[in-house]
Amino acid sequence: MSLKISIKGTLWVVATPIGNLADLSPRAREVLAEAPILAAEDTRTSQKLVAIRQTPPRWVSLHEHNEESVVKRLIGLLGQGHDVALLCDAGTPLISDPGYRLIAAAHEVGIRVSPVPGPCAAIAALSAAGLATDRFFFEGFLPARTSARRRRLESLKQQAATLVFYVPARKLPKALADAAAAIGTDRLATVARELTKQFETIRRASLGELADWTAGDPDQQRGEAVLLISGAPGAEPKPILIDALARELAAELPPARAARVLSRVSELDRREAFALVEALNRKNS
Ligand code: SAM
């Protein structure tokens, strides 16, 4: 009887620079220098990252339109023991870039997936935007059609977390004008354009001001940008208000009803609301 041991390859998910090539981490450089197979959206764009390799890698092009068949091929190669490094044109794969199906398929067949973290435009922009970062809502690209874009922005008006959008800079004036109309001209926002590049520009102002500024200066419409919009002010009831409301409800209603009402108007679930009402009742008895 022959015993066959199968050793599968590793799928490396490699972040690459979003502008400044010096941001390629030593570990990313190492994986890109050694992985026998590199999967990238546009293999020509990624060539420069592996210029130092002694043996050229086998390139596999993975994009939205061929994902299904290429995923099967890559999973086959990983299953035969070959390492694969997934990269995108710039930044972190899967963040508004292809790769999700490949990673999901790898998990399903027990292939090791390991990230090599690094640049990501959304995270770089958040770190320098001067807006709250305790919670953020990554929306990625807005719809191209005006009506759909406005509806999407409208639906995010009450979102309490900082909103993060990817916007090609040429579309900034329209996106900002629509955001100002849907969310409010006074809402604080930041445009982070050409991050890590020569003409890096980060400006924090109201949506109305940013809309006028980008519309009036063609230089602000060049390159790539992240638009961040601060969350809706007072969108969440403050804990102190929940306590006050719970006290009133506990005094006026039987515990189960008080808890039901409280869980409807707050983020507490029924059990948490009931526990709070009970605690208040005990305190008052
Ligand atoms: N996966 C990438 C990442 O990790 O950031 C994002 C890819 S997405 C296809 C491209 C978008 O990212 C651009 O349209 C722009 O909104 C944003 N972006 C990429 N590089 C940027 C940069 N240097 N400065 C500002 N935004 C950038």
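Counting starts at 1 for both ligands and their atoms, following the listed order.
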Can you pull every nitrogen or oxygen pair between ligand 1 and the protein closer than 3.5 angstrom?
residue: ligand 1; atom: 1 (N); partner: Thr92; partner atom: O; Å: 2.9
residue: ligand 1; atom: 1 (N); partner: Ile95; partner atom: O; Å: 2.8
residue: ligand 1; atom: 1 (N); partner: Asp97; partner atom: OD2; Å: 2.8
residue: ligand 1; atom: 4 (O); partner: Thr92; partner atom: N; Å: 2.8
residue: ligand 1; atom: 5 (O); partner: Ala121; partner atom: N; Å: 2.8
residue: ligand 1; atom: 5 (O); partner: Tyr166; partner atom: OH; Å: 2.8
residue: ligand 1; atom: 16 (O); partner: Val167; partner atom: N; Å: 3.2
residue: ligand 1; atom: 16 (O); partner: Ala225; partner atom: O; Å: 2.6
residue: ligand 1; atom: 20 (N); partner: Glu224; partner atom: OE1; Å: 3.4
residue: ligand 1; atom: 23 (N); partner: Ile18; partner atom: O; Å: 3.0
residue: ligand 1; atom: 23 (N); partner: Leu195; partner atom: N; Å: 3.4
residue: ligand 1; atom: 23 (N); partner: Leu195; partner atom: O; Å: 3.0
residue: ligand 1; atom: 24 (N); partner: Leu195; partner atom: N; Å: 2.9

Query - Sub-6.0 Å ring centroid separation between Phe138 and Phe165 - result: no

Can you list, pair by pair, the side-chain donor-acceptor contacts under 3.5 Å of residues 88-113, counting residues two or more places apart and other chains?
residue: Asp89; atom: OD1; partner: Asp42; partner atom: N; Å: 3.4
residue: Thr92; atom: OG1; partner: Pro119; partner atom: O; Å: 2.7
residue: Arg112; atom: NH1; partner: Thr10; partner atom: OG1; Å: 3.4

Report task. Sort and list the pairs that fulfil salt bridge (charged side-chain N to carboxylate O under 4.0 Å, His left out) and have at least one residue in residues 141-154, not counting sequence neighbours. Result ->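 Every salt bridge (charged side-chain N to carboxylate O under 4.0 Å, His left out) pair that includes a residue of residues 141-154, provided the two are not neighbours, is Glu139-Arg152, Arg149-Asp178, Arg150-Asp178.
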
Requested in this report: Count the heavy atoms belonging to other residues, nucleotides or ligands that lie under 6.0 Å from CZ of Phe199, then report whether that count exceeds 12.
Outcome: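 Atom CZ in Phe199 is not packed in, count stays at 12 or less.
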
For residues 23-34, run the donor-acceptor check on the side chains, cut-off 3.5 Å, and write out each pair with its distance to 0.1 Å, sequence neighbours left out.
residue: Ser25; atom: OG; partner: Ala28; partner atom: N; Å: 3.0
residue: Arg27; atom: NH2; partner: Pro115; partner atom: O; Å: 3.1

Query raised in the report: Are Leu156 and Leu131 connected in the hydrophobic side-chain network, where two residues link if heavy atoms are under 4.5 Å apart?
Result: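 No, Leu156 and Leu131 fall in different hydrophobic clusters.
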
